Amino acid sequence: EEGVKVLGHSIPPKYVINGYEILSANGRVIEVVEPAPDPELVEAARAKAELKVRYELLARRYSTVRDIEAAKQRKLIHVDASVLLVESSINNIQEEIDDITTRAANSERAGKAVPQNILDTLAALNEKMSATQAIREQRIAEKKAIEDRFLAEKQLFTEGVESFDP
């Protein structure tokens, strides 16, 4: 503990991390076991190696940050088109619901009972509307996930270029 060398046939486990020398029977050094590395340095090296692996995978797909941005825009255009189609379906369903509701109201105003087929159609359209709105929300969440993924990829790519490219 005070830095004094000690000769012995075994090493207490708490001192092994400090490193040691293995001597021959005549006192010559046969092998030097280096001290264990600092755990913080080991963790930093592991994190850097992991970053390098992730960066190299990304560098196979993209040459520049502009390539990442272009890929993001292509994905977003596809998702935006899908959202527009779903919104168009929502508008069409809403028009059908309004039409059926108007027909049901006209029946009630005339003092007649609303026919069951109109009620069934209205219920089916409301279910279809709920399902279509859920799809729209799913597409919007998909768009957010794409934006988040590409933001993370741009950050990783930038960090990788700064760390590993000459």
Side-chain angles (χ1 to χ4, degrees), residues 13-14 16-19 33-166:
K14 68 179 185 178
V16 171
I17 63 169
N18 297 330
V33 176
E34 296 296 324
D38 181 10
E40 292 175 5
L41 294 176
V42 170
E43 179 58 27
R46 186 202 58 76
K48 187 165 184 168
E50 182 181 317
L51 173 67
K52 185 173 184 177
V53 167
R54 291 175 51 217
Y55 165 70
E56 287 173 349
L57 285 173
L58 204 56
R60 289 181 194 160
R61 284 188 283 166
Y62 307 111
S63 300
T64 65
V65 172
R66 273 190 288 174
D67 292 345
I68 296 172
E69 189 62 36
K72 173 185 153 187
Q73 291 306 319
R74 284 191 301 273
K75 291 263 189 191
L76 290 178
I77 287 170
H78 176 71
V79 173
D80 285 341
S82 177
V83 168
L84 287 174
L85 284 172
V86 171
E87 287 176 346
S88 175
S89 292
I90 288 172
N91 289 337
N92 291 339
I93 294 167
Q94 187 60 52
E95 287 175 7
E96 286 183 62
I97 289 172
D98 292 344
D99 183 50
I100 297 291
T101 304
T102 301
R103 287 178 24 200
N106 289 340
S107 291
E108 284 183 339
R109 275 189 228 115
K112 299 177 187 174
V114 178
Q116 188 60 42
N117 67 335
I118 290 179
L119 294 174
D120 292 343
T121 303
L122 191 57
L125 286 171
N126 282 324
E127 285 181 29
K128 188 175 180 181
M129 176 65 89
S130 294
T132 307
Q133 287 173 334
I135 291 170
R136 180 181 177 275
E137 294 305 316
Q138 192 176 34
R139 297 291 189 272
I140 290 171
E142 183 181 338
K143 181 178 178 177
K144 174 75 171 122
I146 288 170
E147 290 170 342
D148 292 345
R149 187 186 103 214
F150 278 99
L151 177 63
E153 286 183 354
K154 280 187 347 187
Q155 289 171 341
L156 173 63
F157 190 85
T158 301
E159 189 175 339
V161 167
E162 291 170 356
S163 298
F164 305 112
D165 283 350

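This one's a predicted model, so the numbers in the text were calculated from it and none came from an experiment. FYI, the numbering just counts along the sequence from 1.
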- [ ] Run the numbers on Glu96 and Asn92 for side-chain hydrogen bond (donor to acceptor under 3.5 Å, both in side chains), then give the verdict.
- [x] CA-CA 6 Å; Glu96 286 183 62; Asn92 291 339; over 6 Å; no

Open item on the list: Using side-chain contact (heavy atoms from CB on, under 4.5 Å), reason through Arg139 and Lys143 one step at a time and then give a plain yes or no.
Closed with: CA-CA 6 Å; Arg139 297 291 189 272; Lys143 181 178 178 177; over 6 Å; no

Task: For Leu151, the option from Gln155, Arg149, Glu147 that meets side-chain contact (heavy atoms from CB on, under 4.5 Å) - done: Gln155

Open item on the list: Could you check whether Arg103 and Asn106, counting side-chain N and O atoms only, form a donor-acceptor pair closer than 3.5 Å?
Closed with: no

Task: From OG (Ser89) to CE (Met129), nearest 0.5 Å - done: 10.0 Å

Task: Rounded distance [0.5 Å steps], CG in Leu58 versus NZ in Lys154 - done: 12.0 Å

Open item on the list: I'd like to know whether CZ of Arg46 has more than 12 heavy-atom contacts from other residues, nucleotides or ligands below 6.0 angstrom.
Closed with: yes

Open item on the list: So, taking the atom named CD1 in Ile93 and the one named OG1 in Thr132, what distance separates them when rounded to the nearest 0.5 Å?
Closed with: 3.5 Å

Task: Atom CD of Gln116: over 12 foreign heavy atoms under 6.0 Å - done: yes

TODO: Begin with the C-alpha distance, continue with both residues' side-chain angles, and end with the deciding distance and a verdict on side-chain contact (heavy atoms from CB on, under 4.5 Å) for Phe164 and Lys48.
DONE: CA-CA 10 Å; Phe164 305 112; Lys48 187 165 184 168; 3.7 Å; yes

TODO: Taking only Lys NZ, Arg NE, NH1 and NH2, and the carboxylate oxygens of Asp or Glu, determine whether Glu153 and Arg61 approach each other closer than 4.0 Å.
DONE: yes

- [ ] Nearest 0.5 Å please: distance from the CD atom of Glu142 over to the CD atom of Gln138.
- [x] 7.5 Å

Task: Residues Lys72, Glu69: salt bridge by 4.0 Å N-O rule - done: yes

Open item on the list: Looking at Lys112 and Glu108, is any side-chain nitrogen of the basic one under 4.0 Å from a carboxylate oxygen of the acidic one?
Closed with: no

Open item on the list: Does any part of the side chain of Ser82, heavy atoms only, come nearer than 4.5 Å to the side chain of Leu85, both counted from C-beta?
Closed with: no

Task: Any donor-acceptor N/O pair, Asp99 side chain to Glu95 backbone, under 3.5 Å - done: no

- [ ] Determine yes or no for a side-chain-to-main-chain donor-acceptor pair under 3.5 angstrom, with Thr121 supplying the side chain and Asn117 the backbone.
- [x] yes

Task: Sequence-distant partners of Ser163, side-chain contact (heavy atoms from CB on, under 4.5 Å), two or more places apart - done: Leu51, Glu159

- [ ] Quick one: pull up CD1 in Ile146 and CG in Leu76 and give me the separation to the nearest 0.5 Å.
- [x] 5.5 Å

Task: Separation of Asp80 CG from Lys75 NZ (nearest 0.5 Å) - done: 13.5 Å

- [ ] Flag the pair Phe157 / Tyr55 as yes when their ring centroid distance falls below 6.0 Å, and as no otherwise.
- [x] yes

